[in-house]
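One structure is given here, and the rest of the page talks about it.
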Amino acid sequence: MAKSFSANINKKIEHLLNYPGCGNIELSSRKAMWLSTLYGLIHVFILTFSFLFFVPELTILIQYGFTCLFLLISALMITPFFKRFFKHYFTIHLLLLMLVTFVTIIRLGGIVTSVGLIVACFSFVLLSIPLQSVSITISLFVIYSIFLIAVGYAGTSLSVPSQITPLRNSIIWMINTLSMTALSLIFVVDFITQQNKFKKLEANKQKELYEAKTKLFTNITHEFRTPLTIIQGMTDLIEKQPEEWLDEGTWRIRNNSSILLRLINQMLDIARIETGSMHVHLKQSDIVSYLGYLTELFSSVAHEKNIRLVFLPEVSQVVMDFDPDKLVHIVSNLLSNALKFTPEGGSIDVKTSLNVKEDLFTIQITDTGKGIPPDHINHVFDRFYQVENSYGSVGGSGLGLALVKEIVELLSGNISVESQPAKGTTFYVNLPVTRNAEKIDNEKFRELFSEQVSAAIHSLKFQKSFPSTKNITPEDLPTLLIV
Ligand code: ATP
Ligand code: MG
């Protein structure tokens, strides 16, 4: 019960601080900074209000408490909105806290009567560790040391206010020291442990990547060989019997070149995601009308195949951040699958819904196609996985869904599938709803991204079989002897 409650809170905080394109390590750094600020806020709040009610004569500490509360509350509220300048913002925040603390220590009469604020100040230096910048931590430490030397030098020339009695000084010193030690232990140690965990995961990922690359190489050679063999065979047939093979041969060559090009583009996209060079470019606009526009562009292909393609948004407008280019990739891959695997007379529904409570936007693509058998469904997002190799009739290489999954995850979303053989398939894409990016109106999108959509539809058209009465028999193709 308590475990699921804390997991729930953790998920909520991650949701608050996460943003599309934010990696695990950065998220854990943002979380450590935000949670330590929250902890600091609770500590300062309890002490300040205790002083206010029970020892109101401690005016210096009450004033210091309220200043810290102001700084901590603003940091908590502002952090979720800071993405790129998160480090800069927290550095300034820690610097301000240190500055206010230095002034208070001087007002309290120096290090000995600082009620433990000198320890609190050092914990600000420690708390900069999750920012993962050696130069920031060292700079803060140097500032702290200079202050220590300066106050030590000023020594007895500073006057101690009468409210700071030795007893009060010792009690508050103890409270501050214990609390700040706990703060450093909990957040900094936890952050370092998490980092080590991520590093281990990263090492395992590298190992898996190496194995995957070897597997990929084997797959690629296979995927390239088939269309190349067809292109070569067709060229020979056109050369020998041009009257009979010119039309169909040219079409097949173009078809297979298009398959190769699509394969290369998909592989390049996957490589870009893996090397981290595929960036997220968010724009804020109405995602529903953009999806409506994308679906509409596929209607001609659906119409040719006598498939009913309908767009059914639950709400007519959802203004949120999304990457239009990546959305073209996601929707065109899912629609291209639905169109490929749905027979004539079938239907495809593109539905959208908004979960306000969880801040999630869902795109649901349902078809009445051939469906995916249960023993294959867990593998459809694997690279090069195809339920059955229907190459030549519907085309494809089995990279489409793998790429969609990687893109959706890059956008901090998730994708799932439900299917019933012979009945149909539904893909669900959940995207987080944020509203921080630059606002752009819908018309501009259409101008900017119409080229990508046309390219996706063009490659889709080439995946359909040639409407020829003449079938190619194995005898028509050249023989390949594999030893
Ligand atoms: P590519 O997308 O690279 O051109 P592909 O469409 O075969 O090739 P994926 O999009 O990754 O590859 O899909 C993998 C497999 O999942 C498909 O080959 C197909 O067997 C199955 N599949 C995907 N979508 C559907 C669907 N809507 N209905 C039935 N089967 C599907
Ligand atoms: Mg596909």
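We count ligands from 1, going down the list as the structure has it; atoms in each ligand are counted the same way. Residue numbers run from 1 in the order of the sequence given.
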Using a 4.0 Å cut-off to any heavy atom of Ile372, which atoms of ligand 1 qualify? 22 (N), 29 (C), 30 (N), 31 (C)
Which one holds for Leu401 and ligand 1: side chain close, backbone close, both close, or neither close, with close meaning a heavy atom under 4.0 Å? both
Only one of Ile287, Leu291, Thr295, Val288 forms a side-chain contact (heavy atoms from CB on, under 4.5 Å) with Pro313, so which one is it? Val288
Nearest heavy atom to atom 16 (O) of ligand 1: which of Val404, Ile259, Val380, Leu399 does it belong to? Val380
Per-atom filter on ligand 1: closer than 4.0 angstrom to a heavy atom of Tyr385 are 14 (C), 15 (C)
Mode of Leu263 contact toward ligand 1 - side chain, backbone, both, neither (heavy atoms, under 4.0 Å): neither
Do Lys370 and ligand 1 have an N or O pair less than 3.5 Å apart? no
Distance-only N or O hit between ligand 1 and Asn333, under 3.5 Å: no
Quick one: which ligand 1 atoms are inside 4.0 Å of a heavy atom on Gln386? 5 (P), 7 (O), 18 (O)
Atoms of ligand 1 less than 4.0 Å from Phe427 heavy atoms? 24 (N), 27 (N)
So, does Lys340 sit close enough to ligand 1 that a heavy atom of it is under 4.0 Å from the ligand? yes
Per-residue contact class, Val387 against ligand 1 - non-hydrogen pairs under 4.0 Å: both
Selection from Ser332, Gly400, Ala402, Gly398 by shortest heavy-atom distance to atom 8 (O) of ligand 1: Gly398
